[in-house]
Amino acid sequence: MSQVLLYIDPGTGSMLFTIIIGAVSAGFFVLQKFKLKLKFLLSGGKAVSADGDKIPYVIFSDSKRYWNVFKPVCDEFEKRGIDIQYWTMSEDDPALLEKYDHVKTLFIGEGNKAFSKLNIMNAGVVLATTPGLDVLQWKRSKTADRYVHILHQPGDTTFYRMFGLDHYDAVLISGEYEEKQLREIEELRGIPRRDTCLTGITYLDTMKARYDAQKRDMKDPGEDTGTKTVLLAPTWGETAILSRFGERIISALINTGYNIIIRPHPQSFESEKDLMNGLMSKFPESERMHWNRDNDNFDVLSRSDIMITDFSGVMFDYALIFDRPFIYAAIEFDKSPYDAAWLKEDMWTLKILPYIGIPLKEEDFDNIKEVIDKTVNDESLAKGRDKARKETWANQGEAASRTVDYLIQTSERISAETISDMSKSDRLLSQVPSYQD
């Protein structure tokens, strides 16, 4: 008897998962409604709350690399003695090693297993930096009250794939231009107005405090040997440096005689495995060339004299915290997959680039040493960095406390709304006539 092999392509598999999890979620919420009705009947017709098991605050992280964003928030909740849960999709998330009394850290699995849990979570306020809520597999839970987005880098709120933030209830921002972008998208798409709060950037605050402490403790650096350390830190994707010019730019950098550190975007090792394996094989580590995959980028940023990048958000870490110049590849940015495509005005990131960095054109690769030397000595870039700080880094040093303040205030508003709704329900029930035999 012949056997038929059933093949399901990834797209169909994802669609089937969405259908299955939708059915499971529907069944779960039907059961919750049944339990609530049963409580109502057993209480003699009195209004009851379904929130007995609700988690007041949940932080969701889809990757360990965002722990630098969430740690200051967790530390602030711990300091205030307020309970919160931190859910992560990374089994080796540094958060899982922390010793907190009020922050419960949980590994919720990867992929579909994690999304299944997220889609039926019973939570008050959910804080996340993951875009695409209610767009792909991550769905809004019917028993979660508010979803709040926190930025994981300075820059445009439109620098997300299409509809990335549409289904959040609130967005924590770090510059006034970001709110303007959100409002324009809301008007163009006819979506509900999202709440915003000018909090700042949590990880920039802690990185700056760390760098200031390092400078205070730094001993005499000694005589400058003249051998610069150049960091190549691109983003990932078809238009990124390594995809476009990988072998050519690495060869050019090695020929400068400077110390070279290459730090690819972590996503490159997931989505561009063949590219990375090929480059790392062709350019193995040597005395003056190193590949860096540290989860924490502080040390590699700190020990480099200049950075070369493209559209990676690390350029803001480098310029705003370490106050150093960078070179960016003059690649035409294709904004069609992003929310930025909806707006007529250029992204803030593209407008600020010429003030804080020097463009590198493909024809300059053969003279890249001269470009590096010129950029390091360009004093005009310091004024541009000051301009960028003022426009995109509000409330320096206060982001964690302002974020927690906002989450608590949001939770209190939810409680007040719930009490108001229950009071209305009680009043309506009291108006129903009572019939006695």
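Numbers here are sequence positions counted from 1.
- Applying the 6.0 Å contact sphere to NZ of Lys335 captures more than 12 heavy atoms from other residues, nucleotides or ligands.
- The pair Asp296-Lys64 fails the salt-bridge criterion, with no side-chain N (NZ, NE, NH1 or NH2) lying under 4.0 Å from an Asp/Glu carboxylate O.
- Within a 6.0 Å sphere centred on CZ of Phe322, other residues, nucleotides and ligands contribute more than 12 heavy atoms.
- Side-chain contact of Asp310 with Thr235: a donor-acceptor pair under 3.5 Å is absent, judged by distance alone.
- A side-chain donor from one of Asp93 and Thr88 sits under 3.5 Å from a side-chain acceptor of the other.
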For this session: In sequence, state the C-alpha distance, the side-chain angles, and the governing distance for Thr349 and Met315, and then conclude on side-chain contact (heavy atoms from CB on, under 4.5 Å).
Result: CA-CA 10 Å; Thr349 297; Met315 63 185 170; 3.4 Å; yes
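- Although no hydrogens or angles enter the test, the distance criterion places no donor-acceptor pair under 3.5 Å between the side chain of Glu285 and the main chain of His290.
- Of the charged side-chain nitrogens involved, none lies within less than 4.0 Å of a carboxylate oxygen, so that Arg244 and Glu362 do not count as a salt-bridged pair.
- The pair Asp195-Arg413 counts as a salt bridge, with a side-chain nitrogen and a carboxylate oxygen less than 4.0 angstrom apart.
- Note on ring orientation: taking the six-membered ring where Trp is involved, the planes of Phe163 and Trp342 are perpendicular (angle over 60°, cut-offs 30° and 60°).
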Exercise. Can Leu118 and Trp87 be said to form a side-chain contact (heavy atoms from CB on, under 4.5 Å), step by step?
Worked result: CA-CA 9 Å; Leu118 288 165; Trp87 294 10; 3.9 Å; yes
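- Remark: the backbone N or O of Pro264 is not paired with any side-chain donor or acceptor of Ser268 at under 3.5 angstrom.
- Taking the six-membered ring for Trp and the full ring otherwise, the centers of Tyr86 and Trp67 sit less than 6.0 Å from each other.
- The CD1 atom of Ile327 sits 5.0 Å away from atom CD1 of Ile372, with the distance rounded to the nearest 0.5 Å.
- Counted within 6.0 Å of CD on Glu370, heavy atoms from surrounding residues, nucleotides or ligands total more than 12; the atom is thus considered enclosed.
- Note on Asp75 versus Lys79: no salt bridge recorded, every NZ/NE/NH1/NH2 to OD/OE distance being 4.0 Å or above.
- From Phe283, atom CZ reaches atom CD1 of Ile250 across 5.0 Å, with rounding to the nearest 0.5 Å.
- A donor-acceptor contact under 3.5 angstrom links the side chains of Glu272 and Ser243, judged on distance only.
- The local environment of CG in Asp294 is crowded, with over 12 non-hydrogen atoms from other residues, nucleotides or ligands closer than 6.0 Å.
- Comment: Lys351 engages Glu345 in a salt bridge, judged by a side-chain N to carboxylate O separation of less than 4.0 angstrom.
- A centroid separation of 6.0 Å or more is found between the aromatic rings of Tyr355 and Trp348.
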Less than 3.5 Å apart, which donor and acceptor atoms pair up between the side chains of residues 165-175 and the rest of the protein, not counting sequence neighbours?
{"unit_1": "Asp166", "atom_1": "OD1", "unit_2": "Arg189", "atom_2": "NH1", "d": "2.8"}
{"unit_1": "Asp166", "atom_1": "OD2", "unit_2": "Arg189", "atom_2": "NH1", "d": "2.9"}
{"unit_1": "Tyr168", "atom_1": "OH", "unit_2": "Thr130", "atom_2": "O", "d": "2.5"}
{"unit_1": "Asp169", "atom_1": "OD1", "unit_2": "Arg140", "atom_2": "NH1", "d": "3.4"}
{"unit_1": "Asp169", "atom_1": "OD2", "unit_2": "Arg140", "atom_2": "NH1", "d": "3.2"}
{"unit_1": "Asp169", "atom_1": "OD2", "unit_2": "Arg140", "atom_2": "NH2", "d": "3.0"}
{"unit_1": "Asp169", "atom_1": "OD2", "unit_2": "Tyr147", "atom_2": "N", "d": "2.7"}
{"unit_1": "Ser174", "atom_1": "OG", "unit_2": "Glu178", "atom_2": "OE1", "d": "3.4"}
{"unit_1": "Ser174", "atom_1": "OG", "unit_2": "Glu178", "atom_2": "OE2", "d": "3.2"}
{"unit_1": "Ser174", "atom_1": "OG", "unit_2": "Thr392", "atom_2": "O", "d": "2.9"}

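- At a threshold of 4.0 Å, the pair Glu270-Arg65 does not count as salt-bridged, since none of the basic side-chain nitrogens sits closer than that to a carboxylate oxygen.
- Between Leu301 and Arg263 the shortest side-chain heavy-atom distance does not fall below 4.5 Å.
- Two residues are said to be in side-chain contact when any heavy atoms from C-beta on lie closer than 4.5 Å; Ile201 and Asp205 fail this criterion.
- In this structure, the salt bridge (Lys or Arg N to Asp or Glu O under 4.0 Å) partners of Glu398, at least two apart in sequence or on a different chain, are Arg402.
- At a threshold of 4.0 Å, the pair Arg385-Asp323 counts as salt-bridged, since one of the basic side-chain nitrogens sits closer than that to a carboxylate oxygen.
- Between His102 and Tyr57, the ring centre distance reaches or exceeds 6.0 Å.
- With a 4.5 Å cut-off on side-chain heavy atoms, Lys113 and Ile108 do not count as touching.
- For Ser281 (side chain) and Asn277 (main-chain N/O), no donor-acceptor pair under 3.5 Å exists by modelled atom type.
- The side-chain heavy atoms of Phe365 and Val371, taken from C-beta on, include no pair separated by under 4.5 Å.
- Remark: the backbone N or O of Leu198 is paired with a side-chain donor or acceptor of Asn395 at under 3.5 angstrom.
- Ser90 and Asp92 share no donor-acceptor pair across their side chains, judged by distance under 3.5 Å alone.
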For this session: Could you give me the CA-CA distance, side-chain angles and deciding distance for Asp83 and Lys104, then say whether side-chain contact (heavy atoms from CB on, under 4.5 Å) is met?
Result: CA-CA 8 Å; Asp83 293 339; Lys104 184 177 181 181; over 6 Å; no
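- Under a cut-off of 6.0 angstrom, the local environment of CD in Glu363 is crowded, with over 12 non-hydrogen atoms contributed by other residues, nucleotides or ligands.
- Other residues, nucleotides and ligands contribute at most 12 non-hydrogen atoms within 6.0 Å of the CD atom of Glu238.
- Met121 has its side chain out of reach of Thr143: every pair of non-hydrogen atoms, C-beta onward, lies at least 4.5 Å apart.
- A donor-acceptor pair under 3.5 Å is absent between the side-chain atoms of Thr256 and the main chain of Ala252, judged by distance alone.
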For this session: Could you walk me through whether Met307 and Arg324 pass side-chain contact (heavy atoms from CB on, under 4.5 Å), step by step?
Result: CA-CA 8 Å; Met307 182 177 69; Arg324 294 175 191 168; over 6 Å; no
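- The pair Arg303-Asp299 does not count as a salt bridge, with every side-chain nitrogen at least 4.0 angstrom from each carboxylate oxygen.
- For Lys54 and Asp145, the salt-bridge test passes: some basic side-chain N is under 4.0 Å from an acidic carboxylate O.
- Cation-pi geometry between Arg293 and Phe269 is met: the NZ or CZ atom falls under 6.0 Å from the ring centre, inside 45° of the normal.
- Side-chain contact between Glu98 and Lys71: present, with at least one pair of heavy atoms (C-beta onward) separated by less than 4.5 Å.
- Note on Glu391 versus Lys387: salt bridge recorded, some NZ/NE/NH1/NH2 to OD/OE distance being below 4.0 Å.
- Judged purely by distance below 3.5 Å, without hydrogens or angles, the side chains of Trp138 and Asp62 never pair a donor atom with an acceptor atom.
- Between Met347 and Tyr338, every side-chain heavy-atom pair lies at or beyond the 4.5 Å cut-off.
- Using a cut-off of 4.0 Å between Lys/Arg side-chain N and Asp/Glu carboxylate O, Arg389 and Asp386 are scored as salt-bridged.
- Between Asp317 and Tyr203, the side chains place a donor N or O and an acceptor N or O closer than 3.5 Å (distance only, hydrogens not considered).
- Side-chain atoms of Asn259 and Val230, non-hydrogen and from C-beta on, never get closer than 4.5 Å to each other.
- Formation of a donor-acceptor pair under 3.5 Å by the Asp156 side chain with backbone atoms of Thr158 is not found in this model.
- Panel note: side chain Thr229, backbone Ser304; no donor-acceptor pair is recorded below 3.5 Å.
- Using a cut-off of 4.0 Å between Lys/Arg side-chain N and Asp/Glu carboxylate O, Glu76 and Arg80 are scored as salt-bridged.
- Side chain of Lys369 to backbone of Asp366: no donor-acceptor contact under 3.5 angstrom is found.
- Here Ile261 contributes atom CD1 and Arg288 contributes atom CZ; the two are 12.5 Å apart, rounded to the nearest 0.5 Å.
- Side chain of Ser251 to main chain of Glu247: a donor-acceptor pair is present (N/O by atom type, distance under 3.5 Å, no hydrogens or angles).
- Leu204 CG to Ile321 CD1: the interatomic distance, rounded to the nearest 0.5 Å, is 5.0 Å.
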